[in-house]
There are 2 protein chains.
Amino acid sequence: MTRKRFDDMGCSVACALNEVGDWWSLLVVKQAMLGTRRFVDFQHSLGIAKNILCNRLSRLVDNGVMVRVDVGEHGKRYEYRLTDKGRDLFTVVTALRQWSERWNGEKDAMQLVDGQSGEPLAPVVVQNQQGTVLTVRDVRFVDEEGTPLEQAG
Amino acid sequence: MTRKRFDDMGCSVACALNEVGDWWSLLVVKQAMLGTRRFVDFQHSLGIAKNILCNRLSRLVDNGVMVRVDVGEHGKRYEYRLTDKGRDLFTVVTALRQWSERWNGEKDAMQLVDGQSGEPLAPVVVQNQQGTVLTVRDVRFVDEEGTPLEQAG
DNA sequence: CAGAATGGTTGCATTAAGAAACTAAATAAG
DNA sequence: CTTATTTAGTTTCTTAATGCAACCATTCTG
């Protein structure tokens, strides 16, 4: 009676959620994007229990989202760093952050700005090849032959 | 010893995950974007237990992501539909889908295309106001006064 | 009226999460 | 060299979440 597996549902979204779909994983990734690298720093900044953090970091490493680097420095022996795959979650985390700010208000003292200009970022959007912004009503879901499925509501 | 609450951490991402950060919620939303509206259809297409589906739908309705509509038709009495807030998760779901396809390969028989042209969508990206694509290394995290925090790795 | 479909609820077993205590290795202080 | 401290865990115990199956009340279908 183990938890349902999402990686064999024939769905990319389910497959993604199988890796980072729990309560903590994306928060760990977000914190890593803020620059956090060490175990204790994740623990204190997130307020996560040590055994859970341990488990989440192991899973993220197993899934190639983070790497565990041995640094023989001071009392800190390991660092957890994002891989390219992990850094590529920036879009997901940013979309999630903006969604929350739009619908739940600004709960965050922190703001994300362009490193060059210092200006706020543009909203993350779905676009077609020409750069036109698309909503869920503007897209079709088709199978490999191009046959359309039912439409969104 | 209840589950940690994420809505009072002073973090927008945590706040978002408090609403849709469990294993099932985003999959229900994704399925709704595919056109699924009825309880049994969610149940069969996702392979989710009825009590869990019941709980997730209630939570999504409570959080304003979906609405429960009474339709006195055939044996189907209710429909669950996305609200504007729910439809706005399209960006998140699409980013997650594309991330999974990039790093885990195409596990999905289904494809997302522009409803007009039938072409595949552009990758979801983070941009600045001018439309320049930004990675996590190109942004800064600042507090309300504009003071920068540590940088990402 | 009988049976099926819909949208649930309840009970039980298993797994995950959270808090606190404990451990082991490396470092720092004295 | 010895002791304390920091780091990165593991273990134990309690509570919450998940999954399965059975059950239930309406509403349709035959």
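Each chain gets a letter, A, B and so on, in the order its sequence line appears, and its residues count up from 1. On a predicted model such as this, the values are computed, not experimentally measured, just so you know.
For B:Lys4 and D:dT14, the NZ to C1' distance is 17 Å, given to the nearest whole Å. Here the P atom of nucleotide D:dG9 and the CG atom of A:Asp70 are 10 Å apart, to the nearest Å. C:dA17 atom C1' lies 15 Å from atom CG of A:Leu46, rounded to whole Å. With rounding to whole Å, A:His44 atom NE2 is found 15 Å from C:dG18 atom C1'. For the pair B:Phe42 CZ and C:dG8 C1', the computed distance is 15 Å after rounding to whole Å. Atom CD in A:Gln43 sits about 10 Å away from atom P in D:dT7, given to the nearest Å. A:Met66 places its CE atom 12 Å from the P atom of D:dA8, with the value rounded to the nearest Å.
Mapping A:Arg5 and A:Tyr80 onto DNA chain D via the closest heavy atom, the residue that lands nearer the 5' end is A:Tyr80.
Within residues 9-19 of chain A, no residue has any heavy atom under 4.0 Å from DNA chain D. Taking a 4.0 Å limit (strictly below) on heavy-atom distances, residues 47-59 of chain B reaches DNA chain D at B:Asn51, B:Ile52, B:Arg56.
Scored by the side-chain hydrogen bond (donor to acceptor under 3.5 Å, both in side chains) test, A:Asp41 finds no partners at all (sequence neighbours excluded). The side-chain contact (heavy atoms from CB on, under 4.5 Å) search around B:Ala14 returns A:Leu27, B:Phe6, B:Met9, B:Cys11, not counting sequence neighbours. Remark: A:Glu144 pairs with B:Ala109 by the side-chain contact (heavy atoms from CB on, under 4.5 Å) rule, at least two apart or across chains. Applying the side-chain hydrogen bond (donor to acceptor under 3.5 Å, both in side chains) test to B:Gln98 and every residue at least two apart in sequence or in another chain returns nothing. Among residues two or more places apart in sequence or in another chain, the side-chain hydrogen bond (donor to acceptor under 3.5 Å, both in side chains) test is passed with B:Lys4 by none.
The side-chain hydrogen bond (donor to acceptor under 3.5 Å, both in side chains) pairs that include a residue from residues 46-63 of chain A are A:Asp22-A:Arg56, where partners are two or more places apart or lie in different chains. A side-chain hydrogen bond (donor to acceptor under 3.5 Å, both in side chains) check over residues 88-97 of chain B, counting only residues at least two apart or in different chains, returns the pairs A:Arg102-B:Asp88, A:Trp103-B:Asp88, B:Arg97-B:Asp108. The stretch residues 5-21 of chain B participates, sequence neighbours left out, in these side-chain hydrogen bond (donor to acceptor under 3.5 Å, both in side chains) pairs: A:Glu101-B:Ser12, A:Asn104-B:Glu19, B:Arg3-B:Asn18, B:Arg5-B:Asp7, B:Glu19-B:Lys85.
The side chain of B:Arg3 has D:dA17 as its nearest neighbour among D:dG19, D:dA8, D:dA17. Candidate nucleotides C:dA26, C:dG7, D:dG9 were compared by shortest atom distance to the side chain of A:Phe39, and D:dG9 ranks first.
Contact between the side-chain N/O atoms of A:Trp24 and the OP1/OP2 oxygens of C:dA16 is not found at any separation under 4.0 Å. The phosphate of C:dT6 has OP1 or OP2 within less than 4.0 Å of a side-chain N or O from B:Arg38.
To the nearest 0.5 Å, atom CZ of residue A:Phe90 and atom CZ of residue B:Arg137 are 12.0 Å apart.
When every heavy atom of B:Leu82 is checked against every heavy atom of B:Met66, the shortest pair comes out as CD2-CG, 4.0 Å.
Geometrically, A:Arg68 engages A:Tyr78 in a cation-pi contact, judged by NZ or CZ lying under 6.0 Å from the ring centre and within 45° of the ring axis.
Terminal axes of the helix from C:dC1-D:dG30 to C:dG30-D:dC1 (five pairs each, C1' rotation axis) are separated by 20°, to the nearest 10°.
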Only distances under 3.5 Å count here; give the side-chain donor-acceptor pairs of residues 114-129 of chain B to other protein atoms, sequence neighbours excluded, each with its distance to 0.1 Å.
residue, atom, partner, partner atom, Å
B:Asp114, OD1, B:Gln116, N, 3.0
B:Asp114, OD2, A:Asn128, ND2, 3.0
B:Asp114, OD2, B:Ser117, OG, 3.3
B:Ser117, OG, B:Glu119, N, 3.1
B:Gln127, NE2, B:Gly131, O, 3.3
B:Asn128, OD1, B:Gln130, N, 3.0
B:Asn128, OD1, B:Gly131, N, 3.0
B:Asn128, OD1, B:Thr132, N, 2.9
B:Asn128, ND2, A:Asp114, OD2, 3.0
B:Gln129, NE2, A:Pro120, O, 2.9

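The residue A:Trp23 sits apart from the nucleic acid: no heavy atom pair falls under 4.0 Å.
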